[in-house]
Amino acid sequence: MINPESILWTGKYLVVGEGKTLDFFLYVVDPTRETLIKAFGKDGFGPGEITTAYQLEKGKSVNEIWVYDHNQKLIALFDLESPDELYQKAFRQPQNMYLATDIRWFSDEVLICRLADGDDKYVLYDTLGNQLTTYGTWSQLIADPSLPPNVVKSIHQGRTSFNPAQKKYVLGGRFRDFIEILDLSSGKIISTRGPEHNIPAFEVDYSAGYPMAQFTDRSLSSYYMDILAGNEFIYALYFGKSADWYYQKGELSKEIFVFDYAGKLVKTYTLDHSLVSIAVDEKSKRFFGISSDKDPNVVIFDYGDW
């Protein structure tokens with residue numbers, strides 16, 4: 001592995017996604033033997049190939065994963081027990097769904113996503129690209145009606161996770177320390193702020209041809225680096241420091257905050273390795289992570305006795 005950045009536990013296999021690669025974007029790792037089982041996810045724009053593996057999602061079985069490729073506007077299904085290096089099938093975004101990003105399956109015929117433009121936070125589409133439902137608006141998050149929605153959205157960007165069994169979709173803020181929990185059964189959104197409850201300093205920038213937030217504080221902190229919606233709890237990888245800290249100390253996130261689905265913090269774990277992303281095995285009580293050192297690799301933590 002050259003530059004691992006994403007990780008997923010399927011219940012049977014540990015899958016690692018590369019940020020940059022020479023050949024393959026995906027690896028299956030045996031966490032018990034600490035060995036590489038296979039490499040797959042061939043890099044490219046050809047049939048069955050992908051160009052990124054930043055977002056990994058469980059399939060219907062422990063032998064399957066979905067990979068979102070924003071460059072090709074598709075999500076691809078891989079069989080982890082197949083000798084094939086290519087994906088088995090893919091859903092390509094239709095033209096009327098072109099603005100959709102961060103796409104995940106909600107059901108066999110419905111997808112949940114965010115949008116690259118506009119005020120709607122979370123959106124459901126059918127596979128024909130018809131918009132079904134929207135949940136929440138970005139403009140509600142800052143009490144300044146003069147701010148364009150794109151500006152508010154960029155301040156509240158972050159990692160997301162979806163748990164189909166719980167019908168919960170969660171967002172952990174990168175530059176503002178907040179977590180949102182969307183209950184898709186009721187349509188209600190719970191927002192948890194803190195621990196600092198900070199809105200970063202910014203100004204509205206139009207240099208890209210559309211309004212975006214330009215952060216003005218060089219010591220801007222990053223908060224939730226990764227988040228996972230588990231069957232029991234929400235697991236959030238917390239940093240809470242600036243990029244200067246990382247460059248000086250060489251360390252990123254060493255804390256995992258555990259929330260219930262009501263948004264209440266129930267436990268905090270402090271790790272002895274800093275991580276860039278996490279996966280969780282709730283059954284065997286293990287954390288898996290990608291280390292943030294000069295030679296990044298997979299790190300395993302048993303948390304049952306903590």
Side-chain angles (χ1 to χ4, degrees), residues 5-6 19 54-55 68 70 98-104 112-124 134-162 168-183 187-229 234-247 252-253 255-257 259 263 265 276-278:
E5 66 174 8
S6 57
Y54 178 70
Q55 181 177 297
Y68 174 52
H70 64 274
Y98 190 78
L99 290 176
T101 65
D102 190 24
I103 297 173
R104 305 169 191 271
I112 184 168
C113 66
R114 293 181 289 172
L115 299 178
D117 191 22
D119 197 21
D120 293 319
K121 280 187 188 175
Y122 315 116
V123 183
L124 294 185
T134 64
Y135 302 94
T137 57
W138 296 110
S139 56
Q140 294 174 331
L141 292 174
I142 294 182
D144 183 349
S146 68
L147 288 175
N150 271 4
V151 171
V152 182
K153 180 175 63 176
S154 58
I155 294 167
H156 294 86
Q157 62 186 279
R159 296 296 298 270
T160 62
S161 180
F162 175 57
K168 299 291 198 303
Y169 183 91
V170 299
L171 165 67
R174 180 68 178 270
F175 300 118
R176 185 178 182 186
D177 51 339
F178 81 111
I179 288 176
E180 284 204 337
I181 305 163
L182 167 60
D183 183 341
K188 294 181 178 179
I189 298 174
I190 296 172
S191 187
T192 298
R193 311 294 172 87
E196 296 182 21
H197 196 5
N198 178 48
I199 298 177
F202 68 94
E203 58 187 26
V204 180
D205 178 60
Y206 287 88
S207 62
Y210 51 87
M212 292 293 290
Q214 178 68 47
F215 297 113
T216 56
D217 185 354
R218 293 186 177 182
S219 60
L220 175 70
S221 292
S222 293
Y223 295 100
Y224 293 106
M225 307 299 290
D226 201 3
I227 195 164
L228 185 136
I234 299 165
Y235 303 86
L237 184 64
Y238 183 78
F239 185 35
K241 298 179 178 64
S242 68
D244 290 341
W245 173 274
Y246 170 70
Y247 292 128
L252 276 176
S253 309
E255 290 184 298
I256 296 176
F257 292 172
F259 298 86
L265 180 67
V276 297
S277 60
I278 58 167

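The first residue in the sequence is number 1, and the count goes up from there. Model, not experiment: these values are computed from the prediction.
- Annotation: the span from Leu171 atom CG to Phe178 atom CZ amounts to 4.5 Å, rounded to 0.5 Å.
- Under the 3.5 Å distance criterion, the side-chain polar atoms of Ser161 are left unmatched by any main-chain donor or acceptor of Leu228.
- Among all heavy-atom pairs drawn from Pro149 and Trp138, the shortest one is O-CB, 4.1 Å.
- Arg159 and Tyr54 form a side-chain donor-acceptor contact under 3.5 Å, judged by distance and modelled atom types alone.
- Rounding to the nearest 0.5 Å places CG of Leu99 at 9.5 Å from SG of Cys113.
- Between Tyr135 and Leu124 there is a side-chain heavy-atom pair separated by less than 4.5 Å.
- No donor-acceptor pair under 3.5 Å is formed between the side chain of Asp120 and the backbone N or O of Thr134.
- Between the side chain of Arg104 and the main chain of Thr160, a donor-acceptor pair closer than 3.5 Å is present.
- Note on ring orientation: taking the six-membered ring where Trp is involved, the planes of His70 and Tyr68 are tilted (angle from 30° to 60°).
- Contact detail for Ala229 and Val170: the closest heavy-atom pair is CB-CG2, 3.9 Å.
- Residues Met212 and Val204 fail the side-chain proximity criterion, which asks for heavy atoms closer than 4.5 Å.
- Looking at every heavy atom in both residues, Ala236 comes nearest to Tyr224 through CB-CD2, 3.5 Å.
- Pairing each heavy atom of Thr101 with each of Ala116, the nearest pair is CG2-CB, 4.1 Å.
- Put simply, the side chain of Phe259 reaches to within 4.5 Å of the side chain of Ile179, judged on heavy atoms.
- Checked against the 6.0 Å centroid threshold, Phe202 and Phe215 do not count as a close aromatic pair.
- Listed for the Asp205 side chain is no donor-acceptor partner under 3.5 Å among the backbone atoms of Ala213.
- Within the model, atoms CD1 of Ile155 and CG of Asn150 stand 11.0 Å from one another, a figure rounded to the nearest 0.5 Å.
- The two residues Pro200 and Arg176 make their nearest non-hydrogen contact at CD-CB, 4.3 Å.
- No side-chain heavy atom of Ser221 sits less than 4.5 Å from a side-chain heavy atom of Phe239.
- For the atom pair CD1 of Ile190 and CD1 of Ile234, the computed distance is 8.5 Å after rounding to the nearest 0.5 Å.
- For the pair Phe175 and Ser222, the tightest heavy-atom approach, listed with the atom from each and the gap, is CE2-OG, 3.9 Å.
- Looking at residues two or more places apart in sequence or on another chain, you find no ring-ring contact (aromatic ring centres under 6.0 Å, His included) involving Tyr223.
- Remark: Ser6 OG to Gln55 CD distance equals 9.5 Å, nearest 0.5 Å.
- No side-chain donor-acceptor contact under 3.5 Å links Asp226 to the backbone of Leu237.
- Within the 4.5 Å cutoff, side-chain heavy atoms of Leu141 are placed close to those of Lys121.
- When atom types are taken as modelled, the side chain of Lys153 and the backbone of Ser139 share no donor-acceptor pair closer than 3.5 angstrom.
- When only modelled atom types and interatomic distance are considered, Glu180 and Tyr122 share a side-chain donor-acceptor pair under 3.5 Å.
- Looking at heavy atoms from C-beta onward, Val123 lies out of side-chain contact with Ile112 at the 4.5 angstrom threshold.
- Under the 3.5 Å distance criterion, the side-chain polar atoms of Gln214 are left unmatched by any main-chain donor or acceptor of Tyr206.
- At a threshold of 4.5 Å between non-hydrogen side-chain atoms, the residues Met225 and Val276 do not count as touching.
- In this structure, CZ on Arg174 lies 9.0 Å from CG on Leu220, to the nearest 0.5 angstrom.
- We find that Asp102 and Arg114 are joined by a salt bridge, their nearest charged nitrogen and carboxylate oxygen being less than 4.0 Å apart.
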